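These notes are about the structure you will find just below.
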Amino acid sequence: MKLALERLPSGRNRSLIKKSRKTRNPERQSDSIGSKLALPGQDAPILDLVRSFSLEMTAKDVASLADAAPMIPAGTPISVTYLPGETMPARVAAARTVKSLGFVPVPHISARRIPSKDDLVDFLTVLDGEIGIDRAFVIAGDPPAPMGPYEDALAVIRSGLLDRAGIGTVGISGYPEGHPDIGREKLDQAMKDKIAALAEQGKRVEIMTQFAFDADAILDWLARIRRDGVAAPVRIGLPGPASVGKLIRFAARCGVGASARVMVKYGASITRLLSTAGPEHLIESLARQRDPAIHGEAMLHFYPFGALVDTARFIRSHYGDACE
């Protein structure tokens with residue numbers, strides 16, 4: 001299957017993108033990500049954790065990204081998911097929009113959802129030739145059986161196709177609370193195998209975790225993988241601000257712990273499903289307890305759950321104006 005080479009969205013979406021470009025300060029385009037957030041009085045541990053954050057979007061979030069762009073620092077990595085029901089051209093168009101707005105596209109590759117080697121080659125060829133990417137996130141994906149030749153993320157990594165596309169940094173998955181269908185030993189071994197395979201290819205590795213609500217679970221997992229010799233930077237997955245009901249639904253879908261006790265620590269009540277909860281308490285707890293000597297290099301990755309604008313606004317309002 002050959003991909004149709006889609007350009008930027010037209011109509012309202014294009015006007016939104018133009019508007020976002022005009023509102024961005026060009027002097028900020030060269031700012032380092034490390035200095036992009038700075039509210040007076042912010043505690044150094046919190047800023048250290050938040051300042052190099054990344055975001056996630058789906059192929060359907062192009063208009064929302066354009067709206068949120070003025071609140072997101074230039075150079076922010078933005079992952080583009082590989083969900084069922086979305087076409088390859090739509091994923092490419094989303095990655096192109098990320099790049100055009102001054103961010104770093106990180107397309108997802110869901111191994112078990114790829115129908116054939118030709119489909120993967122076409123996808124990577126367009127991403128490389130038409131957009132220019134140097135990062136990707138490779139995951140096995142949800143289907144119980146592969147839809148094509150790739151059993152898991154390691155199979156994609158070992159194929160050598162990422163190298164041909166010029167990808168230098170590869171993200172792999174991490175599960176602080178475990179996986180509902182995979183045991184801990186198997187998860188640990190899979191992580192080590194992927195890191196070893198990427199090291200052989202000279203790739204830089206980042207681990208991006210499933211979202212979680214419990215700082216203790218996250219920090220315990222970080223300490224454990226560091227003891228096991230895993231030194232790669234970790235992007236800790238956190239939910240953006242959302243209704244408690246939505247958070248619980250996504251948690252149930254993804255096998256994430258959301259007991260009443262955990263949610264109270266997070267700052268939410270399971271009896272108030274329509275109320276909104278943000279991750280500020282979790283971020284503060286992580287920042288206060290994290291010890292780089294024990295937990296290693298860590299950053300944040302926000303899952304907006306379809307609310308990119310709300311998530312970008314939350315980050316800017318709590319941790320600094322990212323665009324002014």
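Every value quoted in this text rests on a predicted model; they were computed, and no experiment measured them.
Of the possible donor and acceptor atoms, one in the side chain of K99 sits under 3.5 Å from a partner among the backbone N and O of I131. Looking only at distances, a side-chain donor or acceptor of R226 sits under 3.5 Å from a matching main-chain atom of H295. Remark: the backbone N or O of P143 is paired with a side-chain donor or acceptor of R112 at under 3.5 angstrom. For T125 (side chain) and V121 (main-chain N/O), a donor-acceptor pair under 3.5 Å exists by modelled atom type. With hydrogens and angles disregarded, no donor-acceptor distance shorter than 3.5 Å links the side chain of S285 to the backbone of L282.
By the rule that hydrophobic residues join a cluster once side-chain heavy atoms approach within less than 4.5 Å of another member, M299 and L286 end up as members of separate clusters. L83 and I78 sit in two unconnected hydrophobic clusters of ILVMFWY residues. Membership requires side-chain heavy atoms under 4.5 Å apart, directly or through other members. By the rule that hydrophobic residues join a cluster once side-chain heavy atoms approach within less than 4.5 Å of another member, F137 and L161 end up as members of one cluster. Clustering ILVMFWY residues whenever any of their side-chain heavy atoms sit less than 4.5 angstrom apart, transitively, puts I139 in the very cluster that holds I182. L187 and M191 fall within the same hydrophobic cluster, where Ile, Leu, Val, Met, Phe, Trp and Tyr residues are linked whenever their side-chain heavy atoms come under 4.5 Å apart, directly or through other members.
Here R164 does not pair with D128 in a salt bridge; the nearest charged N to carboxylate O distance is not below 4.0 Å. By the 4.0 Å N-to-carboxylate-O rule, D48 lies close enough to R290 to be salt-bridged with it.
Across V80 and A94, no two heavy atoms sit closer than the pair CG1-CB, 3.8 Å. Of all the heavy atoms in T58 and T81, the pair that sits closest is CA-OG1, 3.4 Å. Nearest heavy atom pair, residue F314 against residue P279, reads CZ-CD, 3.4 Å. Scanning both residues, E177 and A212, for their nearest heavy atoms gives OE2-CB, 3.9 Å. Taking each heavy atom of F302 and P239 in turn, the nearest pair found is CD2-O, 4.4 Å. Nearest heavy atom pair, residue L47 against residue Y319, reads CD2-O, 4.0 Å.
In this structure, R316 and I72 have side chains that are not in contact, with every pair of non-hydrogen atoms separated by 4.5 Å or more. Contact annotation: the side chain of H179 never approaches that of S173 to less than 4.5 Å [non-hydrogen atoms, C-beta and beyond].
Each of V138, L154, I207 was scored for a side chain to side chain contact (heavy atoms under 4.5 Å, CB included) with I172, with one residue passing: I207. For the pairing with I133, the side chain to side chain contact (heavy atoms under 4.5 Å, CB included) check across V106, I167, T169 returns one residue only, I167.
Going from atom CD1 of I225 over to atom NZ of K192 covers 10.5 Å, rounded to the nearest 0.5 Å. Here the CD1 atom belonging to I283 is positioned 7.5 Å from the CD atom belonging to E280, to the nearest 0.5 angstrom. Once rounded to the nearest 0.5 Å, the distance linking CG of L308 with OG1 of T311 reads 6.5 Å. The CD atom of E297 sits 11.5 Å away from the CG atom of L222 when rounded to the nearest 0.5 Å. Put simply, CZ on R51 and CD1 on I315 are 14.5 Å apart, with the number rounded to the nearest 0.5 Å. For the atom pair CZ of R135 and CG of L127, the computed distance is 15.0 Å after rounding to the nearest 0.5 Å.
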Exercise. Test side-chain hydrogen bond (donor to acceptor under 3.5 Å, both in side chains) on S64 and D67 and set out the steps.
Key: CA-CA 5 Å; S64 295; D67 288 337; 5.4 Å; no
What's the verdict on side chain to side chain contact (heavy atoms under 4.5 Å, CB included) for V98 and M57, showing C-alpha distance, side-chain angles and the deciding distance?
CA-CA 10 Å; V98 171; M57 67 176 289; 3.5 Å; yes
Would you check, one step at a time, whether the test salt bridge (charged side-chain N to carboxylate O under 4.0 Å, His left out) holds for D152 with K194? CA-CA 10 Å; D152 52 24; K194 287 180 280 190; over 6 Å; no
- Item | Step-by-step side chain to side chain contact (heavy atoms under 4.5 Å, CB included) determination, Y303 to L55 | CA-CA 6 Å; Y303 292 88; L55 290 163; over 6 Å; no
Identify each donor-acceptor pair in which a side-chain atom of residues 229-238 lies under 3.5 Å from a protein atom, sequence neighbours left out, and give them as a table.
| residue | atom | partner | partner atom | Å |
| --- | --- | --- | --- | --- |
| R235 | NE | E206 | OE1 | 3.0 |
| R235 | NH1 | S52 | O | 2.8 |
| R235 | NH1 | S54 | OG | 3.3 |

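The 12-atom threshold is not exceeded at CZ of R184, counting heavy atoms of other residues, nucleotides or ligands nearer than 6.0 Å.
By the salt bridge (charged side-chain N to carboxylate O under 4.0 Å, His left out) test, R288 is found to be paired with D43, E284, residues two or more places apart in sequence or in another chain being considered.
For the pair R91 and Y82, the distance from NZ or CZ to the six-membered ring centre is under 6.0 Å and the angle to the ring normal is within 45 degrees.
Between F211 and Y175, the ring center distance fails the sub-6.0 Å criterion.
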